[in-house]
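Inspection log for the structure reproduced underneath, given as structure tokens.
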Amino acid sequence: MKGTILIVEDERKLARFLELELTHEGYAVDKAYDGREGLSRALSADFDLMLLDILLPELSGLEVLRRLRRDKPEMPVLLLTARDAVTDKVTGLDCGANDYMTKPFAIEELLARIRALLRSRHRAGKEVSVGALALYPESRTVAVNGEPVHLSRREFDLLHCLMENRGIVLSRDTLLNRVWDYTYDGGANTVDVYIRYLRAKLEEPRGLKLIETVRGVGYVIR
Ligand code: CA
């Protein structure tokens, strides 16, 4: 068996189709048809991955994701979104989704993304620490002086990138390329906005200086 996958999808035909395809590929599959049921299954068993529709009865996919992330920050979640629902994608990624597919999708592409997510899970990174900061890639958690701090997915990825390159000044463009994917068309000031979010969560409550601004260049953590 290659892994266990939870499908949370209210379109029963699609859920059934996915179940058949995934079972055929060698995965063990469980299904839920609404958000509440999906969340309770996800919390009660250890799935290797969750396929989560956004438009669901009872509890929306995004709400399922928010609640899931409190207890299971590490479970890979691939969102299934309606066509052109850009806001859903952005919100979904910020809520901690690992990837998304837009419906309708080719099953081959979905299978490839599932394989990629499962591979990256197995390649789980090592802890990184710089001064007061510690970052745990496997659980996607961060602590300042041992005190856990909740970060959104982008905030986490941005901090991870800075910490892995400690002592190296990274330009806004470099950070934008590494942390946001190539389809993202927000400007370079997006990086400044997220640096402010990080400072508000990590530095300001503690009176610390962790992220240094290098004028006209970018940012560095030393
Ligand atoms: Ca739906």
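Whatever order the structure lists ligands and atoms in, that order sets their numbers, starting from 1. The basis for the numbers below is simple: all heavy atoms, side chains too, and nothing from hydrogens, waters or symmetry mates.
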Any N, O or S atom of [X] closer than 3.0 Å to the Ca ion (ligand 1):
X     : result
Glu11 : no
Leu80 : no
Asp10 : yes

Q: Answer yes if the side chains of Arg199 and Thr213 hold a donor-acceptor pair under 3.5 Å, and no otherwise.
A: yes

Q. Can a donor-acceptor pair be found between the side chains of Asp48 and Tyr27 at a distance below 3.5 Å?
A. no

Q | Check: Lys31 and Tyr33 side chains under 4.5 Å, non-hydrogen atoms | A | yes

(Q) Between the Ca ion (ligand 1) and Asp53, which N, O or S atom of the residue is the nearest one? (A) OD2

Q | Of Ile7, Val8, Leu6, the residue whose pairing with Asp30 passes side chain to side chain contact (heavy atoms under 4.5 Å, CB included) | A | Leu6

